Amino acid sequence: MKTANHEHFLKINPTILRIAIILLSLLIFSPRSMAETTQEITLNHKTFTMKKGKKLTLKATTLNKKYKKKIVWSSKQKKVATVSKKGVVKAVKKGRATIIAKIKGTSYQAKCKIIVGTPVKKIVPKKKKIVTYVGSKSKKISVKINPDNASNTNLTYTSKNEDVAMVNSGGRITGKAVGRTYIVVRSTDGSNKKTSVEVVVKKVNPLVTQFIQLLDKYSSFIKKYGDQCYKNGPNPCVVYSEAKELAEKGKKIPLNCTAPTNWALREMGYLNNGQIYGTKKGFVITSGDKDLIEEVADFISTGPAIGCCVQEAADLGALVYGDILSIDIHGINHLCVYAGKDEDGNALAYEAGGIPQSRGYTEVGCGPLIYSNSSYSDYYISEIIRFK
């Protein structure tokens, strides 16, 4: 009997299996399940900004043609915006309203957010061209939206070639490979205004990349422990580990403008016991380590950047990302590292001099360092160390 029952089970099992497959298929491909993965009804606008008294025709698209004539339109805030049976929206007064297109007899619907206010008329980039570097800090696109009182100032950013440069939702660019592309900036208020920014991505010497990464690390450290830093003439902490150990013990950290650069060169193996600092006549290295640096870098004492302030030299295109600069300010020795420009065109440089807790980059790390000849008439770049 056991054998007979077992054989009977084997005979009916394929039938049960087929029924199960059919039921599973009906469940998977039912309209309700399909709605979870696809949108049965969509509108030509998800959001739209319009002036009071203006009209907008919303168009609905359905996956199933039989639903086309079953669309029912409604407005959640009729005092702000109304909608006709054909999807024509009229702006009544300033505010926000949600327009709903629903397929009668189903749960399918689509929504459009209507803002009655001031649409975007123009998007103007502050810089039409941005130069960045592979592996460097990303740069942000900065734009001006006209008019100033536009109701919806949200934007989208799209790279035409993500292999060259990518852009995030906040407009920050990251260089991926050497080349040129464009970032398209679009309004999201339905006005369909757009502009584009050219992005040029250049290659960075691997040594420069390593150097800048170290400066980023040190800059973050100095910012974190800024209230423990104090100016100590030409004798800052010799190495980063020494400064870190002092900071973690809550002790004061001897620091001046040369510290980040000295720490980085030392960690990269180009300084032993020496220190490097800038003077009116150029760099001074307090040991025989200049030979080590010269193996990987040039000492530049002539050219368009020499005799200029940092901002002027940057505007001339005479500086290269990662340049170590020797500067004289009213006879005071100074050293910093050029780090390109920000979105407003201000020269950026790593430094940690002056009063560290209130300065540096100018606030320790990579920040605006705007040197103006009108403010400082007797200082200039006297020499540059540039990685080969």
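From a predicted model like this one, the values you see are computed outputs, not experimental measurements.
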Fit a plane to each ring of [X] and [Y], take the angle between them on a 0 to 90° scale, and name the class: parallel (under 30°), tilted (30 to 60°) or perpendicular (over 60°).
{"X": "F221", "Y": "Y225", "value": "tilted"}
{"X": "F387", "Y": "Y270", "value": "tilted"}
{"X": "F283", "Y": "F299", "value": "perpendicular"}

Distance from [X] atom [atom1] to [Y] atom [atom2], nearest 0.5 Å?
{"X": "K94", "Y": "S151", "atom1": "NZ", "atom2": "OG", "result": "6.5 Å"}
{"X": "E294", "Y": "K290", "atom1": "CD", "atom2": "NZ", "result": "5.0 Å"}
{"X": "S220", "Y": "I222", "atom1": "OG", "atom2": "CD1", "result": "9.5 Å"}
{"X": "Q77", "Y": "S75", "atom1": "CD", "atom2": "OG", "result": "6.0 Å"}

For K85, is the NZ atom crowded, meaning more than 12 foreign heavy atoms sit under 6.0 Å from it?
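Counting other residues, nucleotides and ligands, NZ of K85 stays at 12 neighbours or fewer.
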
Neighbour count above 12 (heavy atom, 6.0 Å) for K128 NZ
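Count over threshold, so yes.
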
In the hydrophobic clustering that connects Ile, Leu, Val, Met, Phe, Trp and Tyr at side-chain heavy-atom distances below 4.5 Å, which members other than V238 occupy its cluster, ordered by chain and number?
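V239, all in the cluster of V238.
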
Can you list, by chain and residue number, the hydrophobic cluster partners of L316 when the side-chain cut-off is 4.5 Å?
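Its cluster partners, ordered by chain and number, are none at all.
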
Taking all heavy atoms of [X] and all of [Y], pick out the closest pair and write down the distance.
{"X": "A177", "Y": "D163", "answer": "CB-O, 3.4 Å"}
{"X": "A247", "Y": "I253", "answer": "CB-CD1, 3.7 Å"}
{"X": "L335", "Y": "E351", "answer": "O-CB, 4.1 Å"}
{"X": "W73", "Y": "A101", "answer": "CZ3-CB, 3.6 Å"}

According to a hydrophobic-cluster definition based on side-chain heavy atoms being under 4.5 Å apart (Ile, Leu, Val, Met, Phe, Trp, Tyr only), do L207 and Y240 belong together?
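Linked within one cluster.
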
Any chain of hydrophobic side-chain contacts (each under 4.5 Å) joining L43 to Y67?
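Yes, one cluster joins them.
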
Residues in side chain to side chain donor-acceptor pair (under 3.5 Å) with E295, at least two apart?
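Side chain to side chain donor-acceptor pair (under 3.5 Å) list for E295, sorted by chain: empty.
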
Applying side chain to side chain donor-acceptor pair (under 3.5 Å), name anything that partners N154, two or more places apart in sequence or on another chain.
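N154 satisfies side chain to side chain donor-acceptor pair (under 3.5 Å) with N152 once adjacent residues are dropped.
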
Taking only residues at least two apart or on different chains, which pairs with a member in residues 184-197 satisfy side chain to side chain donor-acceptor pair (under 3.5 Å)?
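The answer is S187-D189, S187-S191, D189-S191.
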
Under the side chain to side chain contact (heavy atoms under 4.5 Å, CB included) rule, what do F211 and V337 come out as? Steps first, then yes or no, please.
CA-CA 10 Å; F211 186 53; V337 177; 3.7 Å; yes

Distance-only polar pair, side chains of Y218 and E267, donor-acceptor under 3.5 Å:
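Judged by distance alone, the side chains do pair up.
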
When you check the side-chain N and O atoms of T62 and N64, is any donor under 3.5 Å from an acceptor?
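Absent: no donor and acceptor within the cut-off.
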
Have a look at [X] and tell me which of [options] forms a side chain to side chain contact (heavy atoms under 4.5 Å, CB included) with it.
{"X": "L271", "options": "L265, L292, T261", "value": "L265"}
{"X": "T209", "options": "V204, L214, V134", "value": "V204"}
{"X": "I384", "options": "L319, I324, D298", "value": "L319"}

With sequence neighbours excluded, what pairs up with R386 under the salt bridge (Lys or Arg N to Asp or Glu O under 4.0 Å) test?
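Applying salt bridge (Lys or Arg N to Asp or Glu O under 4.0 Å) to R386 gives D323.
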
Evaluate the criterion side chain to side chain contact (heavy atoms under 4.5 Å, CB included) for residue pair V197 and I130; output intermediate values, then yes/no.
CA-CA 7 Å; V197 176; I130 292 177; 4.0 Å; yes

Would S382 and K280 satisfy side chain to side chain contact (heavy atoms under 4.5 Å, CB included), going step by step from the backbone distance to the final call?
CA-CA 6 Å; S382 54; K280 198 169 188 176; 5.9 Å; no

Does K79 form a side chain to side chain contact (heavy atoms under 4.5 Å, CB included) with K93? I'd like the steps, not just the answer.
CA-CA 7 Å; K79 290 183 179 180; K93 72 171 187 177; 4.2 Å; yes

Does the pair E198/R180 count as a salt bridge with the N-to-O cut at 4.0 Å?
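Yes, charged N to carboxylate O under 4.0 Å.
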
